[in-house]
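Protein chains get the first letters and strands the later ones, always in sequence-line order, with residue 1 at the start of each. Computed from a prediction, not measured in an experiment: that's the story for all the values here.
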Protein chains: 2
Amino acid sequence: MAQSSLRRRRRAAATQEILDAAEHHISEHGPAALSLRAVARGLGMTVQALYHYFPNRDALVTALVTKAYDDLADAVQAAVDTAADDSALPRLVVAAEGYRRWAIAHPERFQLLYGTPLRDYAAPAEGPTTQATRRMSSIFERELFDGFTAEQLAAADTPVFSSPLRAHLEQLPHYGLGYLPPPATALLMSAWGHLHGLVVLEVFGHTSFLGDRQAEIFRMAMRNLLEDIHRRIPVHLSPPHAADQTEPPRTAAPEPRPRTGP
Amino acid sequence: MAQSSLRRRRRAAATQEILDAAEHHISEHGPAALSLRAVARGLGMTVQALYHYFPNRDALVTALVTKAYDDLADAVQAAVDTAADDSALPRLVVAAEGYRRWAIAHPERFQLLYGTPLRDYAAPAEGPTTQATRRMSSIFERELFDGFTAEQLAAADTPVFSSPLRAHLEQLPHYGLGYLPPPATALLMSAWGHLHGLVVLEVFGHTSFLGDRQAEIFRMAMRNLLEDIHRRIPVHLSPPHAADQTEPPRTAAPEPRPRTGP
DNA sequence: GTCTATACACCGATAGAC
DNA sequence: GTCTATCGGTGTATAGAC
């Protein structure tokens, strides 16, 4: 038993060493250049030793993708946790900037997650990918909608949805605040797209003409995003069918919610 | 001279055939799998024949990238041109849906443009990439801001910019409506990011849990985007320093502008 | 568990005959 | 302009010795 545990520890340590080397290689040569041979070279081993820890290339890639998702979610969570509650900067903006910062600090690993899918690699369905995505969307969901009731969110000012879409959104599983009404889910997706799009364009070099002040534009966009979405959520609910709320007099976000500790 | 012209026509035809085959190969196996050998196989030729038309792989890739950018811009322009002027759907939304539709119809070519940069391929600086990007941003710029004066755009309700950012945005070259004040440029970038992010997430398979109703969410997001940006542009200009405009009473977009023909 | 050796595929690029 | 032949490199994966 003790020996088995030792063996397992050794194996875990070796596995970790391989993952580190693989990550290092990705960081230097990009995800597309990842190969077992290259990783083995970096470790001073031969390829066959690696096959003892990972049955094939896909298994290694899956491990790397999983870790990258986790690291990104960790970075966003850490940013939110660090944010001063009295800051003038809304926590959602802080979270978004954490996302952006991680992507810029680890562009190749970000590519691994959100760039072109790797040749001949099929991510395991319902794998850790979905799990990490859920984790991160939970964070943004909280910073975007916490403080509002389900009734308020359900009354958000969006175009009317078709009933199939409503039905589909209704039945999605929920992981964050609990039940999220269809308009809120749609707004959350829109926000994620907005945030992600700006980061992707920057990290993949499509906005280099903006020079080194992109952080400022990003912050503006995220501030506006939060403002615009909150403007669509009624502060006080009108009785049903009197819902002709012109110009809801909302001015600021709801009061900061007590921190949910890590 | 006639012979030279014939020779040139033959050469152009052959080049076109190669490009078509290359596009076909990309559409079936993705951009990363592109190789001269594979294209040659698809044409029933040998590799060396290709070297007669393209000096190396990079030249072929550049040609493909250029054409893809042009096709995308064409698709967006065509969507705008087709839009009925009396439609309830704002032309910006129509343009955005053209962008999305092209991306979904040609996911691999979209990856070629906006996915992970190709291994060992460096796009020629100041090449046709920038040109096509400018062309498309011109379209969106027009649909987003035409009908507003530079003074209105300059007074858009955004966070205050630092002077370096203002200066940088001021000196950017302009290709669309002419001069675009810094707040408008920033809002345009934000809008592009929003649009692009939603498309990228969908095309790269990160929103499959939304099922087949993503078009509806996309349309909602684009409608909201337009509304939110227009809400930030004052309808009437207050005299300077009386600029305490609370709740600018804007309700709708400016009247449709006469079509600028293709 | 790690090694050598090997099979079998792919790729970009060049030389030289026709 | 197109061909054959070839160089020198990449990769995944397996077999079998130690």
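Note on residues 211-225 of chain A: pairs passing salt bridge (charged side-chain N to carboxylate O under 4.0 Å, His left out), not counting sequence neighbours, are A:Glu97-A:Arg219, A:Arg213-A:Glu216.
Rounded to whole angstrom, the span from the CG atom of B:Leu43 across to the P atom of D:dC3 amounts to 11 Å. Rounded to an integer number of Å, the gap from B:Leu50 CG to C:dC11 P is 12 Å. The CD1-C1' distance, from B:Ile18 to D:dG1, rounds to 11 Å in whole Å. For the pair A:His25 NE2 and D:dT10 P, the computed distance is 11 Å after rounding to whole Å. B:Asp120 places its CG atom 12 Å from the P atom of D:dT10, with the value rounded to the nearest Å.
One finds the CG atom of A:Leu144 at 11.0 Å from the OG atom of A:Ser137 (value rounded to the nearest 0.5 Å). Distance CZ/A:Phe54 to CG/A:Leu19: 4.5 Å, rounded to 0.5 Å.
Within a 6.0 Å sphere centred on CD of B:Glu170, other residues, nucleotides and ligands contribute more than 12 heavy atoms.
Proximity of a side-chain donor or acceptor of B:His24 to a complementary backbone N or O of B:Val39 within less than 3.5 Å is not detected. A donor-acceptor contact shorter than 3.5 Å is absent between the side chain of A:Gln111 and the backbone of A:Gly30.
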Would you give me the side-chain donor-acceptor pairs under 3.5 Å for residues 190-202 of chain A, sequence neighbours excluded?
from: A:Ser190; atom 1: OG; to: B:His194; atom 2: NE2; distance (Å): 2.8
from: A:His194; atom 1: ND1; to: B:His194; atom 2: ND1; distance (Å): 3.3
from: A:His194; atom 1: NE2; to: B:Ser190; atom 2: O; distance (Å): 3.1
from: A:His194; atom 1: NE2; to: B:Ser190; atom 2: OG; distance (Å): 2.8
from: A:His196; atom 1: ND1; to: A:Tyr99; atom 2: OH; distance (Å): 2.8
from: A:Glu202; atom 1: OE1; to: A:Arg100; atom 2: NE; distance (Å): 3.0
from: A:Glu202; atom 1: OE2; to: A:Arg100; atom 2: NH2; distance (Å): 2.9

Show which side-chain atoms of residues 57-68 of chain A pair as donor or acceptor with protein atoms under 3.5 Å away, not counting sequence neighbours.
from: A:Thr62; atom 1: OG1; to: A:Asp58; atom 2: O; distance (Å): 2.9
from: A:Thr62; atom 1: OG1; to: A:Tyr121; atom 2: OH; distance (Å): 2.6
from: A:Thr66; atom 1: OG1; to: A:Thr62; atom 2: O; distance (Å): 2.7
from: A:Lys67; atom 1: NZ; to: A:Glu23; atom 2: OE1; distance (Å): 3.3
from: A:Lys67; atom 1: NZ; to: A:Glu23; atom 2: OE2; distance (Å): 2.8
from: A:Lys67; atom 1: NZ; to: A:Asp71; atom 2: OD2; distance (Å): 3.2

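Taken over five-pair windows at either terminus, the axes of the helix from C:dG1-D:dC18 to C:dC18-D:dG1 are inclined to one another by 10° (rounded to 10 degrees).
Of the side-chain N and O atoms in A:Thr46, one or more sit less than 4.0 angstrom from OP1 or OP2 of C:dC3.
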message = At under 4.0 Å between heavy atoms, how does the protein contact nucleotides 12-18 of chain C? Give one character per nucleotide, 5' to 3', with B, S or -.
response = BBBB---

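A:Arg41 comes within 4.0 angstrom of the backbone, heavy atoms only, and of no base. In this structure, B:Phe54 reaches neither bases nor backbone, as no heavy-atom distance under 4.0 Å exists between it and the strands shown.
Partners of B:His206 according to the ring pair (Phe, Tyr, Trp, His ring centres under 6.0 Å) rule, which considers only residues two or more places apart in sequence or in another chain, are A:Tyr114.
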